[in-house]
Protein chains: 2
Amino acid sequence: MASLGKTTAEPRTRLNRDRVLHTAIALADANGIEALTMRRLGEELGVEAMSLYNHVANKDDLLNGMVDAVFGEIDLPSHSDTWKIAMRKRSVSFHDALSRHPWAIGLRDSGTQPGPATLRHHDRVIGTFRNGGFSLALAAHAFSAVDSYIYGFAMQEKSLPFTTEEETAVMAQIMLAQLPADEYPYLAELTANHVLQPGYNYSDEFTFGLDCMLDALERESQASD
Amino acid sequence: MASLGKTTAEPRTRLNRDRVLHTAIALADANGIEALTMRRLGEELGVEAMSLYNHVANKDDLLNGMVDAVFGEIDLPSHSDTWKIAMRKRSVSFHDALSRHPWAIGLRDSGTQPGPATLRHHDRVIGTFRNGGFSLALAAHAFSAVDSYIYGFAMQEKSLPFTTEEETAVMAQIMLAQLPADEYPYLAELTANHVLQPGYNYSDEFTFGLDCMLDALERESQASD
DNA sequence: CAACATAAGCTTACGACGTAAGGAAGTAAT
DNA sequence: ATTACTTCCTTACGTCGTAAGCTTATGTTG
């Protein structure tokens with residue numbers, strides 16, 4: 001079997017930038033960004049660390065590439081929806097992407113070295129506002145306001161020491177027990193009578209703030225015409 | 001001179017946690033958080049790196065302490081203002097603090113190991129909403145919404161490769177020149193006709209989004225009574 | 001003052017990290 | 001078959017956080 005002379009017959013798939021990037025993302029998803037080292041990534045790919053430098057310029061380039069890949073996962077705002085519905089959908093999709101890849105939140109390829117997916121995404125968001133009747137200045141304001149909220153929410157979410165509802169209950173109980181209730185009465189009240197109530201899940205707060213922002217933007221856009 | 005037998009007469013001020021923390025903050029402010037190493041911090045304090053461990057448990061403890069110190073710089077919401085004015089003032093103060101110490105944005109002592117200043121700050125913010133007539137649930141929503149916006153805005157601001165108006169103009173010009181305008185028409189338009197206009201300064205966008213959020217919250221609180 | 005306990009500081013060392021430099025081996029084009 | 005070019009590996013350097021164990025100040029008690 002396997003008698004053809006020409007085949008190398010080894011499943012040694014060659015490396016390429018895409019494989020490096022996506023393995024790095026899987027690693028960061030699974031073990032956190034601090035566990036993503038060049039040596040560990042090489043190991044995962046069956047290769048020495050230095051071989052990776054044939055496909056990425058350096059670790060920063062790797063990280064930027066990863067972030068751009070995350071931006072590529074976000075649904076672009078649809079042309080067929082109103083600006084408000086389109087922005088709501090893409091904002092939820094944005095939030096979902098950051099939940100899947102929380103390590104991407106602080107990395108910020110955008111601003112310094114935005115990749116093509118990042119640029120396309122931003123372009124389409126601004127275009128959605130413009131086509132929705134927003135002036136250039138208002139579109140800039142809206143872009144900044146909505147994305148700030150999404151980033152910030154994702155950051156707070158990431159920093160919480162719990163994710164599921166059960167974890168939340170356990171952690172909140174612990175924190176409440178350690179909290180000097182006389183010194184921080186409002187924090188204690190919030191923890192006991194809100195966070196510890198059954199069904200509480202911080203992620204649910206996302207759409208509240210998002211809708212606040214979108215409603216406010218709608219009023220701004222109507223006020224200016 | 002200095003003949004009293006008892007004096008050691010050396011200006012070798014002893015180390016303490018506060019001096020360590022504030023020197024670390026100054027270093028991070030001046031050279032960025034990545035330049036803050038235990039050895040460099042020790043050098044700055046005239047001490048070997050290992051000596052610092054008499055005053056901080058480890059580097060994480062140092063970073064958490066630094067973040068809590070930043071929270072201590074934020075003006076607490078005033079009791080004598082209405083909730084909206086109080087929140088606006090403290091939000092601007094929050095933003096100012098994060099501008100002075102941009103390295104604090106991703107570090108997040110809150111959530112995992114909030115320090116006393118962080119706790120007090122959060123308690124007072126929640127208290128301001130509660131005393132303004134917000135239900136417990138609405139106060140939680142509002143807290144999350146406003147702080148998410150502030151954090152996210154600060155993060156975007158930090159990631160920009162420019163700060164002053166002149167820098168902005170220079171960088172925008174460069175970016176615009178590299179930008180394929182046919183592929184990203186809205187981004188190109190925004191850069192050319194808004195960012196590059198005289199007087200543009202991204203920081204000014206902060207209060208726009210903040211007021212959107214506060215106005216929306218005001219409507220929410222009125223709807224529920 | 002002396003004797004001691006405790007805290008603050010120093011020295012050395014270890015195992016990670018990112019990555020520079022240069023050699024070896026595989027692949028493709030002449 | 002020769003050449004050129006990628007790709008991958010080996011070795012090595014400097015830097016990081018910090019464990020272990022010391023020496024030296026400082027403070028307390030007689």
Side-chain angles (χ1 to χ4, degrees), chain A residues 2 4-25 27-28 30-67 103 106-109 112-113, chain B residues 2 4-25 27-28 30-67 103 106-109 112-113:
Chain A
L4 284 89
K6 204 192 161 165
T7 52
T8 26
E10 263 229 332
R12 164 93 148 289
T13 36
R14 287 275 285 284
L15 232 48
N16 59 50
R17 192 171 216 269
D18 238 58
R19 235 157 70 71
V20 171
L21 248 41
H22 284 97
T23 307
I25 290 174
L27 252 174
N31 311 328
I33 194 71
E34 73 286 345
L36 177 69
T37 69
M38 299 304 273
R39 287 172 229 260
R40 179 79 186 78
L41 177 56
E43 190 183 316
E44 195 74 16
L45 288 159
V47 133
E48 295 301 313
M50 287 310 291
S51 301
L52 301 169
Y53 288 88
N54 288 302
H55 306 98
V56 294
N58 49 45
K59 192 168 184 184
D60 261 13
D61 180 36
L62 171 69
L63 295 173
N64 280 337
M66 291 166 68
V67 173
W103 46 264
L107 289 185
R108 325 302 349 268
D109 84 318
T112 39
Q113 297 287 356
Chain B
L4 283 88
K6 200 187 163 168
T7 53
T8 26
E10 262 229 331
R12 164 97 145 288
T13 35
R14 287 277 285 285
L15 232 47
N16 58 50
R17 191 170 216 269
D18 237 57
R19 237 157 68 73
V20 171
L21 247 42
H22 283 96
T23 308
I25 289 175
L27 253 173
N31 311 327
I33 195 70
E34 72 287 344
L36 176 68
T37 69
M38 299 303 274
R39 288 169 228 260
R40 179 81 186 75
L41 177 55
E43 190 183 318
E44 196 74 14
L45 287 159
V47 131
E48 296 301 313
M50 288 309 293
S51 302
L52 300 170
Y53 288 88
N54 288 304
H55 304 98
V56 294
N58 48 46
K59 194 169 184 185
D60 261 13
D61 180 37
L62 171 70
L63 295 174
N64 280 337
M66 291 166 68
V67 173
W103 45 265
L107 290 186
R108 326 305 344 276
D109 85 317
T112 38
Q113 297 287 356

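Naming convention: chains lettered A, B, ... in sequence-line order (proteins, then strands); numbering from 1 in each chain.
The CZ atom of B:R14 sits 16 Å away from the P atom of D:dT24 (whole-angstrom rounding). Atom CG in A:D61 sits roughly 14 Å away from atom C1' in C:dT19 (whole-Å rounding). A straight line from CG of B:L52 to C1' of C:dC10 spans 12 Å, rounded to a whole angstrom. Rounded to whole Å, the distance from CG on B:L15 to P on C:dG9 is 5 Å. Between B:R17 atom CZ and C:dA8 atom P there is a gap of 13 Å when expressed in whole angstrom units. The CG atom of A:N54 sits 13 Å away from the C1' atom of C:dG22 (whole-angstrom rounding). Per the geometry, CG belonging to B:L62 stands 14 Å off P belonging to D:dC16, to the nearest Å.
Contact check, B:H55 against C:dA7: no side-chain N or O comes under 4.0 Å of OP1 or OP2.
Qualifying side-chain hydrogen bond (donor to acceptor under 3.5 Å, both in side chains) partners for B:E43, counting only residues two or more places apart in sequence or in other chains: none.
To the nearest 0.5 Å, atom CG of residue B:L62 and atom CD1 of residue B:I25 are 9.0 Å apart. Rounded to the nearest 0.5 angstrom, B:L27 CG and B:W103 CH2 are separated by 11.0 Å. For the atom pair CG (B:D61) and CE (B:M66), the distance works out to 12.0 Å, reported to the nearest 0.5 Å.
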Pair up each side-chain donor or acceptor in residues 34-41 of chain B with any protein partner under 3.5 Å, not counting sequence neighbours, and list the distances.
from	atom 1	to	atom 2	distance (Å)
B:T37	OG1	B:R40	N	3.1
B:R40	NH1	B:E44	OE1	2.9
B:R40	NH2	B:E44	OE1	3.3

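Distance alone, capped at 3.5 Å, is enough to place a donor-acceptor pair between the A:T23 side chain and the A:R19 backbone.
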N/O contacts under 3.5 Å, protein versus nucleotides 11-18 of chain C?
from	atom 1	to	atom 2	distance (Å)
C:dC17	OP1	A:T37	OG1	3.3
C:dG18	OP1	A:K59	NZ	2.6
C:dG18	OP2	A:M38	N	3.0
C:dG18	N7	A:R39	NH2	2.5
C:dG18	O6	A:R39	NH2	2.9

